[in-house]
Amino acid sequence: MRLSAEGFYIEHYVKCANCGLLMYEEGVAAADGRDFCSSWCKQWDAKRKAGEKHPVLPLPPRPF
């Protein structure tokens with residue numbers, strides 16, 4: 001563990017298994033133990049693993 005001058009530290013980085021987004025909160029866990037940033041990324045990954053070369057999903061609603 002490293003401590004900074006401000007007292008903040010990061011123990012480990014968690015990235016989305018699909019898009020690589022750095023997650024600061026809990027994401028959506030898969031049965032195989034991988035973490036996803038959203039259910040959209042989890043669904044897209046499942047379609048890709050099922051053999052779809054170009055998975056198509058409607059985009060999630062914008063947060064703003």
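Numbers here are sequence positions counted from 1. No experiment lies behind these values; they were computed from the predicted model shown.
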Revision key, fill the gap. Of all heavy-atom pairs linking Lys47 and Pro55, the shortest is CB-CB, 3.8 Å

Exercise for review: Please name the pair of heavy atoms, one in Ala29 and one in Lys42, separated by the smallest distance, quoted to 0.1 Å.
Suggested key: O-NZ, 3.2 Å

Practice item. Measure the shortest side-chain to side-chain distance between Asn18 and Arg48 over non-hydrogen atoms and say whether it is less than 4.5 angstrom. Key: no

Practice item. Give, for atom CH2 of Trp40 and atom SG of Cys16, the distance between the pair rounded to the nearest 0.5 Å. Key: 9.5 Å

Review point. Quick one: do Leu59 and Val56 end up in the same hydrophobic cluster if we chain Ile, Leu, Val, Met, Phe, Trp and Tyr together by side-chain heavy atoms under 4.5 Å apart?
Key: no

Check your understanding: Between atom CE of Met23 and atom CG of Asp35, what is the distance when rounded to the nearest 0.5 Å?
Key -> 4.5 Å

Check your understanding: What pair of heavy atoms forms the shortest contact from Ala17 to Phe36, and how long is it?
Key -> CB-CE2, 3.8 Å

**Study point:** ILVMFWY cluster, Tyr13 and Leu21 together (side-chain gap under 4.5 Å)
**Key:** no

